[in-house]
Amino acid sequence: GTSSIDTTCTIWNVETQQVRSQLIAHDKEVYDIAFARGTDVFASVGADGSVRMFDLRNLEHSTIIYETPGLVPLLRLGWNKQDPNYIATFAMDSTKCYII
């Protein structure tokens, strides 16, 4: 998947190299997107300060699983490779790492 400053995420079919779906993911720019290993689940972070969870089997809905105090932009995220129940992210101008 790819993230964009136009608030969207684009999901690609790797085999056909075609767009599978483009969805409005956040209220502001989307800075990162990452898939959980071995699942249909992915998450994104953005300038609106939220971590949002998506499922490829139902892209009509997303779930906000975290918002930073003051809605400080979140820049990157990464899934725990041992346990996909955990995501790490960090905010702009911060030295803190949030484990969700």
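Here the structure is a predicted model, which means the values were calculated and not measured.
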Nearest-0.5 Å distance, [atom1] of residue [X] to [atom2] of residue [Y]:
| X | Y | atom1 | atom2 | answer |
| --- | --- | --- | --- | --- |
| I100 | N85 | CD1 | CG | 13.0 Å |
| T10 | Q22 | OG1 | CD | 4.0 Å |
| N58 | D40 | CG | CG | 11.5 Å |
| L59 | L23 | CG | CG | 5.5 Å |
| Q18 | W12 | CD | CH2 | 8.0 Å |

Donor-acceptor pair, distance only, cut-off 3.5 Å: does the side chain of [X] make one with the backbone of [Y]?
| X | Y | value |
| --- | --- | --- |
| T39 | A36 | yes |
| D48 | D27 | yes |
| S4 | D6 | yes |
| S50 | R52 | no |
| R76 | Y31 | yes |

(message) Which label fits F42 and F54: parallel for a plane angle under 30°, tilted from 30 to 60°, or perpendicular past 60°?
(response)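 Ring orientation of F42 relative to F54: parallel.
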For [X] and [Y], work out which heavy atoms get closest and say how close.
| X | Y | answer |
| --- | --- | --- |
| L74 | G49 | CD1-O, 3.6 Å |
| N13 | T16 | OD1-N, 3.1 Å |
| V72 | M92 | CG1-O, 3.7 Å |
| A47 | K28 | CB-CB, 3.7 Å |
| S3 | D32 | OG-N, 3.7 Å |

Are [X] and [Y] connected in the hydrophobic side-chain network, where two residues link if heavy atoms are under 4.5 Å apart?
| X | Y | value |
| --- | --- | --- |
| V30 | L75 | no |
| L77 | Y66 | yes |
| V45 | L71 | no |
| W79 | V51 | yes |
| I11 | V19 | no |

Are there over 12 heavy-atom neighbours, none belonging to I24, within less than 6.0 Å of that residue's CD1?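 Counting neighbours around CD1 of I24, 12 or fewer heavy atoms of other residues, nucleotides or ligands fall under 6.0 Å, so no.
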